[in-house]
Amino acid sequence: QVQLVESGGGLVQAGGSLRLSCTASGSTFSNYGMGWFRQAPGKEREFVSAISFNSGSTTYADSVKGRFTITRDNAKKMVYLQMNSLKPEDTAVYYCASSKGPAGGRYSWMYNVWGQGTQVTVSS
């Protein structure tokens with residue numbers, strides 16, 4: 001079973017950048033797609049980005065397309081989310097998740113392992 005730990009969150013001004021990292025444990029990391037989701041106060045968890053097991057496919061929410069980039073390093077068992085041109089509306093707790101299969105996806109039911117989350121706060 002994969003276990004996930006996020007890091008890299010923090011406070012940043014609008015227009016700034018952050019890179020989130022997700023460290024995975026377990027021997028099967030490279031078999032599964034990975035995703036990033038976020039949840040703002042009072043809102044439901046929403047999809048941010050996903051990447052397939054071999055980095056062959058990536059997908060993004062419209063709200064972050066062109067600003068965020070998801071990558072993974074299977075040798076290091078890491079997934080990253082580079083966030084540029086941050087906006088106050090990007091403020092949320094960001095969660096890393098492992099997919100049930102080799103592809104990433106937009107829906108939380110596609111994922112069966114979740115990290116504890118890391119807070120991202122963007123000030124205006």
Nearest 0.5 angstrom please: [X] [atom1] to [Y] [atom2], how far?
X	Y	atom1	atom2	answer
L18	D90	CG	CG	10.0 Å
S123	Q13	OG	CD	5.0 Å
E6	Q119	CD	CD	12.0 Å
M83	I70	CE	CD1	12.0 Å

When clusters are formed by joining ILVMFWY residues with side-chain heavy atoms under 4.5 Å apart, either directly or through shared neighbours, do [X] and [Y] land in the same one?
X	Y	value
F29	M110	no
Y32	I51	no
W109	V113	no
Y95	L4	no

Just do the side chain to side chain contact (heavy atoms under 4.5 Å, CB included) check on T118 and S7 with the steps written out, would you?
-> CA-CA 6 Å; T118 185; S7 61; 5.7 Å; no

Could you tell me which non-hydrogen atom of [X] sits nearest to which non-hydrogen atom of [Y], and how far apart they are?
X	Y	value
S124	A14	CA-CB, 4.3 Å
S99	A103	OG-O, 2.9 Å
L86	V12	CD1-CG1, 3.6 Å
S17	Q82	CB-NE2, 4.0 Å
A40	A92	N-CB, 3.8 Å
C22	M34	SG-CE, 4.3 Å

When you look at K87 and R67, which way does the side chain to side chain contact (heavy atoms under 4.5 Å, CB included) test go after all the steps?
-> CA-CA 10 Å; K87 305 175 181 180; R67 300 188 298 122; 3.8 Å; yes

Cation-aromatic face contact R19/Y80, 6.0 Å, 45 degrees =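 Positive - R19 is close enough to the ring of Y80 and near enough to its axis.
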
Under the 6.0 Å and 45° cation-pi test, does R38 pair with F47?
->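 R38 over F47 ring: no.
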
For the pair N74 (side chain) and F53 (backbone), establish whether a donor and an acceptor sit closer than 3.5 Å, ignoring hydrogens and angles.
->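 Such a contact is found between N74 side chain and F53 backbone.
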
Please lay out, stage by stage, how Q39 and E46 fare under the test side chain to side chain contact (heavy atoms under 4.5 Å, CB included).
-> CA-CA 6 Å; Q39 187 167 19; E46 65 173 1; over 6 Å; no

Please, which pairs that meet salt bridge (Lys or Arg N to Asp or Glu O under 4.0 Å) have at least one residue in residues 92-119, sequence neighbours excluded?
-> none

Going by the side-chain contact (heavy atoms from CB on, under 4.5 Å) test, name the single residue among V93, T91, L20 that passes it with V120.
->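 Answer after filtering V93, T91, L20: L20.
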
Audit row: F37, Y111, ring pair (Phe, Tyr, Trp, His ring centres under 6.0 Å) steps and yes/no | CA-CA 11 Å; F37 288 75; Y111 298 83; 5.2 Å; yes

Using a 4.5 Å cut-off on heavy atoms from C-beta on, say whether the side chain of T71 contacts that of S55.
-> no

What residues, two or more places apart in sequence or in another chain, satisfy salt bridge (Lys or Arg N to Asp or Glu O under 4.0 Å) together with K65?
->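 With sequence neighbours excluded, K65 shows a salt bridge (Lys or Arg N to Asp or Glu O under 4.0 Å) to D62, given in chain and number order.
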
Quick one: do S25 and K77 satisfy side chain to side chain contact (heavy atoms under 4.5 Å, CB included)? Show the steps, please.
-> CA-CA 7 Å; S25 62; K77 296 183 183 179; over 6 Å; no

For Q3, does the CD atom sit with more than 12 other heavy atoms under 6.0 Å from it, leaving out its own atoms?
->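 Incorrect, the count does not exceed 12.
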
In terms of ring plane angle, is the pair Y94 and F68 parallel, tilted or perpendicular, where the classes change at 30° and 60°?
-> tilted

